[in-house]
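All remarks here apply to the structure that follows.
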Amino acid sequence: MTTPYDPTNIFARILRGEIPAHRVYEDADTLAFMDVMPQAEGHTLVIPKAPARGLLDAEPASLAAVAATVQRVARAVKAAFTADGLTIFQYNEPAGGQTVFHLHFHILPRHEGVALTGHTGRMADPERLAEHAARIRAALAA
Ligand code: 5GP
């Protein structure tokens, strides 16, 4: 049996504007914002606006919109952080490493020889996140 979508999850609350996020991109179907506990500078999340717990219960059209936004934002993240590469990941269910149960894709800029930091569980400095978000928004507008 699949677990139903819980509309009280933290990303649903960000979508509803109930809690703040450093937003970098938004369209009719998707939203992108900075991960509050980044595993690399520029760690960005992309989510659909339509409720979906993970990859398996998302509507194909919503998934297609998310994929397009992941590509668009990934290009901007790569430019904004002069990255050598990118790591994109997406977890499903606790056994798969998922901790927030609204479908999301992680975008991480990568530099040669620099390992990702693990999850520290510590919030990043909000001013730094705001500066990173501004950099990505500028790259999106370029
Ligand atoms: P998951 O393990 O479910 O793929 O990742 C959830 C991600 O959401 C984690 O990287 C975590 O740092 C991030 N996160 C958790 N709570 C918040 C929040 O309130 N705001 C933002 N922007 N990111 C969050």
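Hydrogens, waters and symmetry mates are skipped; everything else that's a heavy atom, side chains included, is used. Counting starts at 1 for both ligands and their atoms, following the listed order.
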Nearest protein heavy atom to atom 18 (C) of ligand 1, by residue and atom, and its distance? Val36 CG1, 3.8 Å
Is Gly97 in polar range of ligand 1, meaning some N or O pair under 3.5 Å apart? yes
Heavy atoms only, cut-off 4.0 Å: how does Phe105 contact ligand 1, side chain, backbone, both, or neither? neither
Using a 4.0 Å heavy-atom cut-off, say whether Thr99 meets ligand 1 through its side chain, its backbone, both or neither. both
Compare all side-chain heavy atoms of Phe11 with those of Leu45 and state whether any distance is below 4.5 angstrom. yes
Has Arg110 got more than 12 heavy atoms of other residues, nucleotides or ligands less than 6.0 Å from its CZ? yes
Identity and separation of the nearest protein heavy atom to atom 10 (O) of ligand 1: Asp35 OD2, 2.4 Å
When you look for heavy atoms under 4.0 Å from ligand 1, do you find them on the side chain of Gln39, its backbone, both, or neither? neither
Should Ile14 and Val46 be regarded as members of a common hydrophobic cluster, given that ILVMFWY residues are connected when their side-chain heavy atoms come within less than 4.5 Å of each other, either directly or indirectly? no
Okay, side chain of Gln98, backbone of Val100: is any donor-acceptor separation there less than 3.5 Å? yes
Using the rule that two of Ile, Leu, Val, Met, Phe, Trp, Tyr join whenever any of their side-chain heavy atoms come within less than 4.5 Å, decide whether Ile88 and Leu55 are in one cluster. yes
Taking 4.0 Å as the limit for heavy-atom contacts, which would you say applies to His104 with ligand 1: side chain only, backbone only, both, or neither? side chain
Does ligand 1 come near enough to Tyr91 that some N or O of the ligand is less than 3.5 Å from an N or O of the residue? no
Heavy-atom pairs closer than 4.0 Å: do any link ligand 1 to the side chain of Phe33, the backbone, both, or neither? side chain
